[in-house]
Amino acid sequence: MKIFPLSLAWSILSCLCSTLFSAGLPEPFRILPQPQNIIVLNGPGLQSGRLKHILLKGDFSRPVTGDILSQLTVDKAEGKGSLTLILDPALASVPSEEGYILTVAGDKAEIVSKGEAGLFYGCQTLEQLLEDARDYQKPVPACKISDFPVLSYRAVHFDVKHHLDQMGYYYESIDRLARYKINAVVFEFEDKLRYLRQPLVGAPQSISLDEMAALTRYARERHIEITPLVQGLGHATFILKHQEYEYLRELSWNTWAFCPLHEGTYQVLFDLYRDAIRATPGSKYLHIGGDEIGNIGLCPRCKPMADKEGMLSLSLYWLKRVCEFAGENGRIPIFWDDMPLKHAGVYETTYTDEITESDAAASWKEGTPRLDDLLEGFPKNCVYMRWNYSMARQPGNILALDWYKSRGLKAMVATATNAEGGMLFQADERDKGANSSGIITIRSFLRLAAEKDINGMLCTAWDDKSPHMENYWRGFIAAAEYSWSPSGRSLDEFDKAWLQREFALSLPDYADMNNQLQEGSVFWYDAYFKNGGRMDDENALQSLTRLEHWLPPLEGQENRVFDYTSKLIELPDPKEPGAWSRKYKDRLDKALVENGRYPELSGKLKNLQNISGRNRYFWELSGALYDLQITAPRLLLALKECDTPDKAKFATARAHLQEVQKEFGDAWANVLSVYAKTRFISYPETYVPDRYFHFASQREDLSWMIQAEEMFHGMIDKWLADR
Ligand SMILES: [Zn+2]
C-alpha cells in the first residue's frame with residue numbers, strides 16, 4: 001500500500017488560518033449527524049459549483065458519492081476547484097477508520113482519513129454542505145471538521161414480516177441511509193427470501209438470493225452491512241405454518257415454536273441460515289432472533305428436561321447450537337436477550353417504570369446468582385441485544401447492561417422508531433418523563449449506551465401493524481444522529497436538521513402539526529369501538545386467537561366463530577332519536593374538533609408537498625393518510641345528523657351520510673395507490689396465509705387496516721336499507 005504524506009503546502013495554509021468560532025457552522029448549514037468538532041476558519045470558503053476535480057491520494061478506489069460530488073472528474077493536480085481525498089493509515093487524530101478530517105477553504109476541500117469508510121463519510125458531510133450552499137445560495141464557510149462516530153455498529157431494521165417493498169425502494173433506502181452514516185441494516189427476512197435449501201419457506205413473491213446478494217454488494221459500496229435476521233425457536237409461524245413442518249412443532253397444532261430437542265429443527269434452521277449467509281456475502285453478523293419463545297418444554301421429548309432443568313435450559317441449548325453454527329460459518333450471532341432475563345426473574349425490572357430503584361436492586365440481587373449460574377451456558381461469541389423501546393432508564397435496564405459488561409459478554413442496544421407501531425402519524429411526546437414517546441426515547445437509550453461504553457445499536461421498525469416504511473424514517477434518522485453524536489443536538493435542533501436534510505425546508509411548528517395529526521390518528525384507531533381501539537389485542541379482528549406466546553396454549557380456539565361487529569358501537573335507534581348522540585357526546589365533541597382542524601392541516605400538507613426540495617413523496621403519503629383518518633370523525637358526525645325525529649332533516653342527513661361513505665371509499669383507494677408507488681399492496685394468490693396475533697397478519701392485502709370500517713359501513717348500509 002502506498003502512503004502519501006499530507007500535502008505540506010495545504011497543511012501550512014490551514015495552520016495560518018486562525019480560529020474564529022468553534023461553536024458550529026453559521027446558518028443555514030446543518031450537517032446530520034452532528035459532527036464531533038467544527039472549527040470555522042478565517043478567509044474565503046467554497047462557493048456552490050466551484051469544485052470541479054477530485055484527487056485520490058493513497059491506495060483506494062474512488063468512493064461512491066452523492067449527486068453533487070459524483071459530477072467531479074478525476075485530476076492529478078491540486079488547486080482551486082479540487083477535492084483531495086487522502087488515505088493515511090497512520091493518521092492519529094481520529095479514533096477509528098470511520099473518522100475523518102474535512103477542511104474547506106479557498107474554493108477547495110480536503111478529506112483525510114485512516115480508512116475508506118472515513119473518506120466516504122467525509123464526502124457525505126461535504127455533500128450536505130454543498131447542498132446547503134446550493135439551496136440557500138451561500139458559500140460553505142472555510143472550516144475544519146474533525147469527526148468520528150461514538151457507536152461503531154449503527155443499524156436500522158427492515159422488517160418484512162407482513163409486507164414487501166419494491167426492490168428499487170430498498171436501493172434508494174440504502175442511498176438515503178448512507179447520507180446519514182448508518183452502517184448496517186438488519187434485514188428480517190422471515191418468508192420474503194427465496195430460500196433454496198428449504199424452498200417451501202420462501203413466499204411466492206420473495207426476493208431471490210442473487211437479488212439480495214446484489215443489494216448487499218450495493219450497500220457495502222456505501223459502507224453499509226446487511227445483517228440477515230432469521231427467527232428460529234419462537235416467532236416461527238412463517239416456517240411452521242406449513243403442514244410439511246408439523247413434525248417440528250413443539251405442539252402439533254401450534255405454529256409458534258419449534259421443538260428445541262428435535263434434530264430436524266437444526267437441519268431446517270441451518271439450511272435457512274446458510275441461504276441467508278449466501279444472500280449477504282461478506283457480512284459480519286447473523287441475527288438469530290430468539291425472543292419471546294414461550295410454549296416450549298411441552299412435548300414428550302422436551303418435558304422431562306424442562307421439568308428437571310427449567311425451560312431456559314431448552315432455550316440455551318438452542319442458543320448454543322445456533323451460535324456454534326454461526327461461528328463455524330464465520331458470523332457473529334446476535335440474540336434478543338429477553339428469555340434469560342425472564343428466567344432469572346429480572347426481566348420486568350428492565351421495562352416497568354413502576355419499579356423503584358431499590359426494588360430493582362433487590363430483584364437483581366436475587367436474580368444475579370441465577371444468571372451467573374447460567375453464565376457458562378451463555379455463548380461467548382454472541383452479541384446480546386438489549387431491547388427497550390421507552391426512555392430505557394429503568395434501573396433494571398441499566399443493571400442488565402452492567403451485568404453483561406461485568407461478565408465480559410458483548411451487548412448492544414435496540415431502540416425503536418415507533419414503539420406503538422401505529423399505521424398513521426407517530427407519537428412524539430417529549431415532556432412526559434419516563435412515559436415520553438418518539439425520538440426522545442431513541443436519544444435517551446443511545447445516550448445510555450454511550451455512557452455504558454456499548455458500541456452497537458439497532459433502531460427497530462416492527463412490522464406488526466405494517467405502517468408504510470416512510471413513517472419510520474424520522475426515527476431512523478434520529479438514530480443515525482444520536483448513535484454518531486449521542487450528546488449532540490437538542491430535539492428541536494434535530495427537527496430543523498431533519499427537515500432541512502430530508503426536504504430542504506424549514507417548518508418551525510412541525511412538532512405541533514405532527515401532534516395534531518397524531519391526535520387524529522388516535523381518534524381513528526378508537527372511533528368505532530365500544531372499548532379501546534383497533535390496535536388493542538382484545539379488539540383484534542382476527543380469525544385465530546391464542547397463538548400469543550405469552551398466553552398458555554389453548555387448543556381449538558383457532559376455529560372459533562365470533563361476530564366481531566359486537567365489538568363496535570351500535571347505530572342510532574330510530575325509536576329513540578337523540579339517545580345515541582347523548583351517549584356518544586364526548587366522542588362526537590372530539591370528532592368536531594378533528595373535523596375543524598382539517599382545512600388548515602390538509603392545506604399545510606399539500607403546501608409542504610409542493611414546496612419540498614426533496615422527498616415530496618413523504619408529504620404525499622401524509623396527505624393520503626390524513627384524508628383516510630379524517631373519514632372517521634366525519635362518519636360519526638354524519639350519523640349524529642341522522643339521529644333526528646324530523647323526517648325532512650333525516651332525508652338530508654341520509655344523503656350526507658352516504659356521501660361521507662363514498663369519501664371513505666375514495667380516500668382508501670388513494671391510500672392504496674400511494675402505497676403502491678413503493679410497495680406491493682397484496683400477496684400472490686398462492687401465498688399460504690400466516691395468521692397470528694399480529695394485526696397485519698390477518699389479510700393478504702392492506703385491508704387489515706380497515707376491517708373496522710368494512711364492518712361499520714356494512715352495519716350502516718343495512719341500517720339505511722331498513723329505514
Ligand atoms: Zn420438544
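Note that the structure is predicted; figures quoted are calculated from it, not measured. Start at 1 with the first residue, then count along the sequence. Atoms within a ligand are numbered from 1 in the order they appear, just like the ligands themselves.
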Next on the checklist: Considering the Zn ion (ligand 1), could you give the total of protein N/O/S atoms lying closer than 2.8 Å?
Outcome noted: 4
Checklist entry - So, for Lys241 and Pro689, which heavy atoms are closest and what is the spacing to 0.1 Å? => result CD-O, 3.5 Å
Item to check | Considering all heavy atoms, the nearest Ala276-Leu193 contact | outcome: CA-CD2, 4.0 Å
Checklist entry - Considering all heavy atoms of both residues, which atom of Tyr389 and which atom of Ala414 are nearest to each other, and what is their separation? => result CE2-O, 3.6 Å
Item to check | Minimum heavy-atom distance between Ile442 and Cys459, given as atom pair plus value | outcome: CD1-SG, 4.3 Å
Next on the checklist: On a heavy-atom basis, which atom in Pro228 and which in Phe189 lie closest, and how many Å separate them?
Outcome noted: CB-CE1, 3.4 Å
Checklist entry - Taking the side chain as C-beta and beyond, is there a heavy-atom pair between Asp338 and Leu341 under 4.5 Å? => result no
